[in-house]
Amino acid sequence: MTTAPPAPILEVNNIEVIYNKVVQALRGLSLAVPRGQIVALLGSNGAGKSTTLKAISNLLTLEDGLLASGSIRFNGQGTAAIAPQQLVRRGLSHVMEGRRVFEDLTVEENLIASTYALTGRPGAAPPDFDLVYGYFPRLFERRKGLAGYLSGGEQQMLAIGRALIAQPQLMLLDEPSLGLSPKLTEDIFGIIARINAERGTSMLLVEQNATVALAVAHSGYIMENGKIVIDGTAERLASDPDVREFYLGLAGGGEAKSFKDIKHYKRRKRWLS
Ligand SMILES: Nc1ncnc2c1ncn2[C@@H]1O[C@H](COP(=O)(O)OP(=O)(O)OP(=O)(O)O)[C@@H](O)[C@H]1O
Ligand SMILES: [Mg+2]
């Protein structure tokens, strides 16, 4: 006997987003995040990845963006009328691009600032700072220091830690690898995979670095020009010849192509339109 798969924790249906009344950033984008899974959202600069996350967490109006059509459901409920901070209280945490932390506050104060998400929340446990320090021992060592003095990698850890304090069911992660060394990227993605495995936290992981994202994701989507062009399991995407060539920088034989070749190829590609 087969049982129906559980309802996705996040469903995005055919959304269109327009900035400043003229710039169409998303053109009928749909995706789903199954409960308990990591889903990668991949694509090159300007594809609309961050816009997708901002649409989900209702942050578009801050940038004169508008969800012009389509719908988004979190835990089966439409999000259109729910304010961003209410979405956080309901278990949706967004780790923004560029690791936003309060630079003039200490590491510990940054974590305390996130506890607002737990006040008045039915069933919320007390804030668990040790949980964050357990995943990121470096933050424990630096807890009394100003966040502005942390390294880029430490700030990314703190941004993820701030999201964790809010006890999310779904985390939106916008390019956690941005500007980090390969070693640190690997470390942070290892922690992301552990948080998912140990806590069952669902994740929508935006990345330009397809290799590292597909290594931890269960499934993924690739977007171009505001819509999805390919989707599938992480294994299938990682072995797809087009994906390998355009996003993993590997030609059929497995030899690495130079970044310049790939950029050149991308500029004239027609296969996705
Ligand atoms: N606040 C804004 N106002 C006007 N246009 C915007 C705004 N934010 C994004 N855009 C445009 O929307 C499109 C998608 O941008 P978005 O930031 O979502 O892409 P991205 O995939 O996250 O790119 P990157 O990998 O560079 O972060 C781009 O054409 C961008 O110029
Ligand atoms: Mg972006």
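For this chain, numbers begin at 1 and follow the sequence in order. Quantities reported herein were computed from a predicted structural model and do not represent experimental measurements. Atom set for the values below is all heavy atoms of this structure, side chains included, hydrogens, waters and symmetry mates excluded. Ligands are counted one by one from 1 in listed order, and the atoms in each one are counted from 1 as well.
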### Task
Kindly give the heavy-atom pair with the smallest separation between Leu214 and Ala234, and that separation in Å.
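Shortest heavy-atom separation between Leu214 and Ala234 comes out as O-CB, 3.6 Å.
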
### Task
Of all the heavy-atom pairs spanning Ser93 and Pro168, show the shortest one and how long it is.
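Heavy atoms of Ser93 and Pro168 come nearest at OG-CB, 3.7 Å.
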
### Within residues 136-164 or reaching into it, pairs that qualify as ring-ring contact (aromatic ring centres under 6.0 Å, His included) - sequence neighbours excluded
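Found Tyr133-Phe140.
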
### Task
Enumerate the residue pairs fulfilling ring-ring contact (aromatic ring centres under 6.0 Å, His included) with a member in residues 197-232, sequence neighbours excluded, ordered by first and then second residue.
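Passing the test, one end in residues 197-232: no pairs.
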
### Query
Contact residues of ligand 1 with a heavy-atom cut-off of under 4.0 Å?
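The answer is Tyr19, Asn20, Ala25, Ser44, Asn45, Gly46, Ala47, Gly48, Lys49, Ser50, Thr51, Glu63, Glu97, Glu175, Gln208, counting any residue whose heavy atom sits under 4.0 Å from ligand 1.
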
### Message
Between the side chains of Glu186 and Lys183, is the shortest nitrogen-to-carboxylate-oxygen separation below 4.0 Å, so that they form an ion pair?
### Response
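So Lys183 does not pair with Glu186 through a salt bridge.
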
### Task
Could you confirm whether Ser50 has any N/O/S atom lying under 2.8 Å from the Mg ion (ligand 2)?
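Within the cut-off used here (under 2.8 Å), Ser50 does place an N, O or S atom near the Mg ion (ligand 2).
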
### Task
Using side chain to side chain donor-acceptor pair (under 3.5 Å) as the criterion, list what pairs up with Tyr135, not counting sequence neighbours.
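With neighbours one apart ignored, the set is Glu198.
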
